[in-house]
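Following: one structure in structure tokens, then a few remarks.
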Amino acid sequence: MSKPSLPQGTRDFNAATVQKRQYIFQTIRTVFELYGFQPLETPAMEQLETLMGKYGEEGDKLIFKILNNGLDNPQKVTATAEGFQKILEGKNTTQITERALRYDLTIPFARYVAMHHGALTFPFKRYQIQPVWRADRPQKGRYREFYQCDADIVGSDSLLNEVELTAIYLTVFKQLNLGVEVKLNNRKILLGLAQVCGGEDKMIDLTIAIDKLDKIGWEKVAEELDRKGFSAEQQKIIQSYLEIEGSNESKLEQLSRLLNGNESAVKGIEEIQYVLDYHAQSGLAKNLVADFTLARGLNYYTGLIFEVKAIDAQMGSIGGGGRYNDLTSLFGVPNVPGVGISFGVDRIYDVLEEKNLFPASVEQNTKILFFNLGEAEAKEAYHLMETLRAKKIACEIYPDKSKFDKQFKYAEKKGIPNIIIIGSDELSKKECTLKNLTTGTQQIIPFDALATMEF
RNA sequence: GAGGGCGUAGCUCAGUAGGUUAGAGCGACAGUUUGUGGCACUGUAGGCCGUGGGUUCGAGACCCAUCGUUCUCCCCA
């Protein structure tokens, strides 16, 4: 028997970690509900067909596929062999795999809306907090199993939704006490730029190239644009576009001048302006940054796009989202516009941990440990615990009659702040000795007085 | 998908140019102390040196593969 191990990129979470993660989940969940979103859960696995082709070529490769059962069935050897042949040719086949682990929460949500659109009340607002799986190579801030927390609104074109979703970002990170920048851009602006520089069909090439700006620098981006056939004049516009700096106000103005008159860009600028205006008074507005280099890989986005970056942290984006006009048409139900955001809990955790931003209070534990000094004493302690627990005071008794030393050390290790000693003396006087381990002080408390105390 | 670093006790790590029986600190356990912890002292346990193969008279050290981990690229949360 070899040593047990975990699959690559997966983790166990100990008590302290779970509590800190719950703190993040709870913060996000509470804010989602405060904005009128309701929960949804979908299965860990989906039909492979539901997921394939939705995340681009790279994405397809990163989907965890589930091997069909019964491939070794002698009656199916021919079909299985055929299936493997197709796999080797790079094709997918239900003969080998027909299910896969979900890759994100947005596509399963779109599938859900498509399946139930007749029964849902629109606008439909749902939030979803579940793990997703990607067959990516793990590294810092990247896992093969990680949680996303999504909130989406479908069935409404209103920009008020974008306003609310950005407000959710700002509120959650304020509550988590984490400094962030919520970047805003608009696919309509990128489309406008593409129209001005070489045509709509080059939009994808263009966005991929400019998305790399902060990584490889303008020189390399220009090289790539050259390869993709952008003229010197077009590159000059793109360069000016990327060099836009200043306040949000000033950036929008510069952009407006640069792409003068382009209908799509004008619309995109107005939409960003709309969201910024709504937040102008809030005090959190300073964290909203118009960033025209933001592209986002998923090409189902059609309007405003968002990305959240923690300030002063070596970590990729910790959240992202945007508007998609027609996601459910992938599943045969057209004309359901939507907009959504996502929080990457695992990365948020890593950043909060690195910056030491978890409040001490998240590590909830036992408040009182009753020492075990024998059968009769333990029984009395048990009755007292019932009273305390009814008052929601977490307490426990050391299960074995052991030396003081051992019981003290147990309390210490678990970080239990108080211990109660009931020995034969106390038992006969109907009182107990309460000791605070942090201060070292102790007092005698009558049994009936215990339940009225605060811990 | 491409490339690099690392993997020795529960934890953090030593282990020189391959050479007998693989070490330390912390932790755990026991005792000094059968109703008052944290300190100290004494002692004890704990290792298929990630796994499998190879080179060698001899491998924890070298080679190959594999798994895990970490970092970079790609892409992303």
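Chain letters run A, B, ... following the sequence lines, proteins first, then strands; residues in each count from 1.
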Rounding to an integer number of angstrom, what distance separates B:rC26 and B:rU20 when you compare their P atoms?
27 Å
What's A:K413 touching, base or sugar-phosphate or nothing? Going by heavy atoms closer than 4.0 Å.
sugar-phosphate
Pair partner, B:rG38 [Watson-Crick or wobble, under 3.5 Å]:
none
Throw together a table of side-chain donor-acceptor distances under 3.5 angstrom for residues 304-315 of chain A, partners on residues two or more places apart or in other chains.
from, atom 1, to, atom 2, distance (Å)
A:E307, OE1, A:R296, NH1, 2.7
A:K309, NZ, A:A313, O, 3.4
A:K309, NZ, A:M315, O, 3.0

Using a 6.0 Å cut-off, check whether atom CD of A:Q38 has over 12 heavy atoms from anything other than its own residue.
no
Who does B:rG7 pair with, Watson-Crick or G-U, both distances under 3.5 Å?
B:rC67
Across all strands, who's sitting opposite B:rC57 as a Watson-Crick or G-U wobble pair, both distances under 3.5 Å?
B:rG19
Among B:rG27, B:rU72, B:rA77, find the nucleotide with the atom closest to the side chain of A:S317.
B:rA77
For the side chain of A:R347 and the base of B:rC76, is some donor closer than 3.5 Å to an acceptor across the two?
yes
Side chain to side chain donor-acceptor pair (under 3.5 Å) against A:D226, all qualifying residues, sequence neighbours excluded:
A:Q235
Nearest-angstrom distance, P atom, B:rG52 to B:rA9:
16 Å
Each nucleotide in nucleotides 33-40 of chain B should get exactly one letter: B, S or -. Can you fill that in based on protein heavy atoms under 4.0 Å?
--BBBB--
Could you check whether A:Q148 gets within reach of a base, just the sugar-phosphate, or nothing at all, counting any heavy atom under 4.0 Å?
sugar-phosphate
If we take the C1' atom in both B:rG27 and B:rU44, what is their distance in whole Å?
14 Å
Mind checking what makes salt bridge (Lys or Arg N to Asp or Glu O under 4.0 Å) contact with A:E271, not counting sequence neighbours?
A:K188, A:K267
Should A:E353 and A:F358 count as side-chain neighbours, where that means a heavy-atom distance under 4.5 Å?
yes
Name the closest nucleotide to the A:K406 side chain, picking from B:rU69, B:rC29, B:rC76.
B:rC29
Contact class for A:G59 (heavy atom, under 4.0 Å): base, sugar-phosphate, or nothing?
nothing
Under 3.5 Å, which donor-acceptor pairs link side chains of residues 410-420 of chain A to any protein atom two or more places apart or in another chain?
from, atom 1, to, atom 2, distance (Å)
A:Y410, OH, A:E396, OE1, 2.9
A:Y410, OH, A:K414, NZ, 3.4
A:K414, NZ, A:E396, OE2, 2.9
A:N418, ND2, A:K367, O, 3.2

B:rG27: pairing nucleotide in any strand, Watson-Crick or G-U under 3.5 angstrom:
none
Distance-only donor-acceptor test (3.5 Å): side chain A:R142, base B:rC75
yes
In Watson-Crick or G-U wobble terms, with both distances under 3.5 Å, the base opposite B:rU33 is none
Determine the contact category for A:Y143: base if any of its heavy atoms lies under 4.0 Å from a base atom, sugar-phosphate if only primed atoms, P, OP1 or OP2 are that close, otherwise nothing.
base
For a quick check of understanding: with a heavy-atom distance under 4.0 Å over all strands, which category does A:G9 fall into, base, sugar-phosphate or nothing?
sugar-phosphate
What residues, two or more places apart in sequence or in another chain, satisfy side chain to side chain contact (heavy atoms under 4.5 Å, CB included) together with A:I444?
A:E431, A:T433
